[in-house]
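Shown next, in structure tokens, is the structure this report addresses.
Worth knowing before you read on, the calculation uses all heavy atoms, side chains too, and leaves out hydrogens, waters and symmetry mates.
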Amino acid sequence: MKEKRNIPGLTCERARSICIVKTLAKLGHFPSRIAEKEAWFLSPLRSETQASFKVSLKLNRWYDHGIGTGGNVLDLIVAIQKCSVKQALEFLNNKQLSFSFQQPILKKRTASKILVFEVKPIQHPGLIQYLGSRKISIYIAVQYCKEVWYRLNGKEYFALGLQNNEGGWELRNRYFKGSSSPKTYTYLKTHSDRLILLEGMFDLLSLAELFPGEFINSDIVVLNSLAFLQKVTPHFKSYTKVDLYLDNDLPGNKNRKKLLQDYKNTKDRNELFQGYKDLNEKLISTKIVMKELNKK
């Protein structure tokens, strides 16, 4: 008999009937376009500039064309939050909605402007707890990120922030993934002849945790979106070596292949996280294995 996971008032069966579109709205994601039978979103699972995340309004199922996976609302929460089914049920049951991140529950379908009003060293327990869930130490996080407070639709929220090249911020907390304007890539210079190319904030932090030696005598570019790849490639000519740490997914593989063909000074480094989608997935798995070994 199939085991039923449940918490008081909500079973897996009931959870699967919860509207995916409304759940995405609670996380701050709204459709780029809506047809009679489906809604299209910018993917909540990765960075993109053209909506390829489809929700069937009839079936209440989602499918991310960029990574070739989909499912029901429970699968979606597990993928976004990187949590267990039990934790996803708790989220959908609204038991975590009072968590101190105060994730934005947006009501407008139009894009709302994020206004940053305070930036300080990371100190809020909620952010430290979130870093812990992603297996990032506070020691590493404070070297690259800040605690950023911002206003959205008249309410105040906070998140981990990575500043980009034009003063905007990539913002992440357990319930929210967004950015303040202007949005562009992050360029960390040490005037080296080697460049490290990463996709996102947690790739940066995870690489620092897993392979800190990689950052010695290296400049770093965090794309913050693959859409900025074209703006970044002119910098390649300034380097003897460009190491690529792009995700092991469809967009990452496609862009990796093209860069290796077009630029002779590029080198693929995905062997360091082969078998995992990205560096953070590798880090989380490694930490879990180490924890289990330490128990023995």
Side-chain angles (χ1 to χ4, degrees), residues 1-48 51-109 112 126-127 129-135 152-153 155 157 159 171-178 202 249 276-278 280-281 284-285 288:
M1 180 179 291
K2 189 176 180 180
E3 180 184 357
K4 291 185 178 181
R5 294 189 183 96
N6 63 74
I7 58 175
L10 188 65
T11 63
C12 286
E13 288 74 18
R14 289 180 58 196
R16 293 187 187 102
S17 67
I18 293 173
C19 178
I20 292 175
V21 172
K22 290 182 179 179
T23 300
L24 284 168
K26 288 184 178 183
L27 293 169
H29 301 281
F30 295 88
S32 296
R33 65 182 188 274
I34 299 179
E36 182 181 351
K37 297 181 180 180
E38 59 197 30
W40 291 87
F41 294 76
L42 292 175
S43 175
L45 304 177
R46 56 194 171 81
S47 297
E48 62 175 2
S52 64
F53 185 96
K54 182 179 76 172
V55 176
S56 168
L57 303 179
K58 181 179 180 181
L59 301 176
N60 194 35
R61 294 289 186 271
W62 61 274
Y63 187 82
D64 191 327
H65 288 268
I67 55 179
T69 190
N72 56 52
V73 71
L74 272 176
D75 300 321
L76 180 60
I77 296 300
V78 168
I80 292 176
Q81 307 289 9
K82 297 185 183 296
C83 65
S84 67
V85 172
K86 181 181 178 182
Q87 290 170 322
L89 283 168
E90 290 172 351
F91 175 85
L92 291 169
N93 200 43
N94 288 331
K95 290 201 171 187
Q96 291 186 4
L97 296 184
S98 60
F99 186 67
S100 54
F101 287 130
Q102 310 174 51
Q103 83 281 6
I105 300 177
L106 307 180
K107 295 183 179 179
K108 296 182 180 179
R109 289 186 177 179
S112 300
L127 292 179
Q129 181 185 2
Y130 175 52
L131 285 166
S133 72
R134 304 292 293 265
K135 307 304 180 186
L152 184 61
N153 289 343
K155 295 184 179 181
Y157 309 99
L171 302 169
R172 303 287 186 274
N173 65 38
R174 190 182 297 274
Y175 302 107
F176 181 74
K177 177 181 179 181
F202 277 96
D249 58 12
Y276 301 93
K277 177 183 177 292
D278 56 30
N280 190 239
E281 189 175 284
I284 291 172
S285 177
I288 290 173

Separation of [Y] [atom2] from [X] [atom1] (nearest 0.5 Å):
{"X": "Lys54", "Y": "Arg33", "atom1": "NZ", "atom2": "CZ", "result": "10.5 Å"}
{"X": "Phe202", "Y": "Leu131", "atom1": "CZ", "atom2": "CG", "result": "6.0 Å"}
{"X": "Tyr63", "Y": "Ser43", "atom1": "OH", "atom2": "OG", "result": "12.0 Å"}
{"X": "Phe41", "Y": "Leu24", "atom1": "CZ", "atom2": "CG", "result": "5.0 Å"}
{"X": "Leu57", "Y": "Cys19", "atom1": "CG", "atom2": "SG", "result": "8.0 Å"}
{"X": "Asp278", "Y": "Ile284", "atom1": "CG", "atom2": "CD1", "result": "8.0 Å"}

Which heavy-atom pair separates [X] from [Y] by the least distance, and what is that distance?
{"X": "Leu45", "Y": "Lys277", "value": "O-NZ, 4.4 Å"}
{"X": "Ile77", "Y": "Cys83", "value": "O-SG, 3.9 Å"}
{"X": "Leu76", "Y": "Pro44", "value": "CD1-CG, 4.4 Å"}
{"X": "Val78", "Y": "Ala88", "value": "CG2-CB, 4.0 Å"}
{"X": "Ile20", "Y": "Gly71", "value": "CD1-O, 4.3 Å"}
{"X": "Ala15", "Y": "Val73", "value": "O-CG1, 3.0 Å"}

Can you tell me if [X] uses its side chain to pair, donor with acceptor, with the backbone of [Y] under 3.5 Å?
{"X": "Asn280", "Y": "Arg134", "answer": "yes"}
{"X": "Ser285", "Y": "Glu281", "answer": "no"}
{"X": "Asn72", "Y": "Asn60", "answer": "no"}
{"X": "Arg172", "Y": "Gly178", "answer": "yes"}

Determine the interplanar angle of the Trp62 and Phe53 rings, folded into 0 to 90°, and report it as parallel if under 30°, tilted if 30 to 60°, perpendicular if over 60°.
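Parallel: the ring planes of Trp62 and Phe53 meet at under 30°.
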So do the side chains of Val21 and Ile34 get within less than 4.5 Å of each other, counting heavy atoms only?
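No. Closest side-chain heavy atoms not under 4.5 Å.
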Would you please name every residue forming a side chain to side chain donor-acceptor pair (under 3.5 Å) with Ser84, sequence neighbours left out?
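Counting only residues at least two positions away or on another chain, Ser84 forms a side chain to side chain donor-acceptor pair (under 3.5 Å) with Gln87.
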Criterion side chain to side chain contact (heavy atoms under 4.5 Å, CB included) on Trp40 and His65, from CA distance to verdict:
CA-CA 11 Å; Trp40 291 87; His65 288 268; 3.7 Å; yes
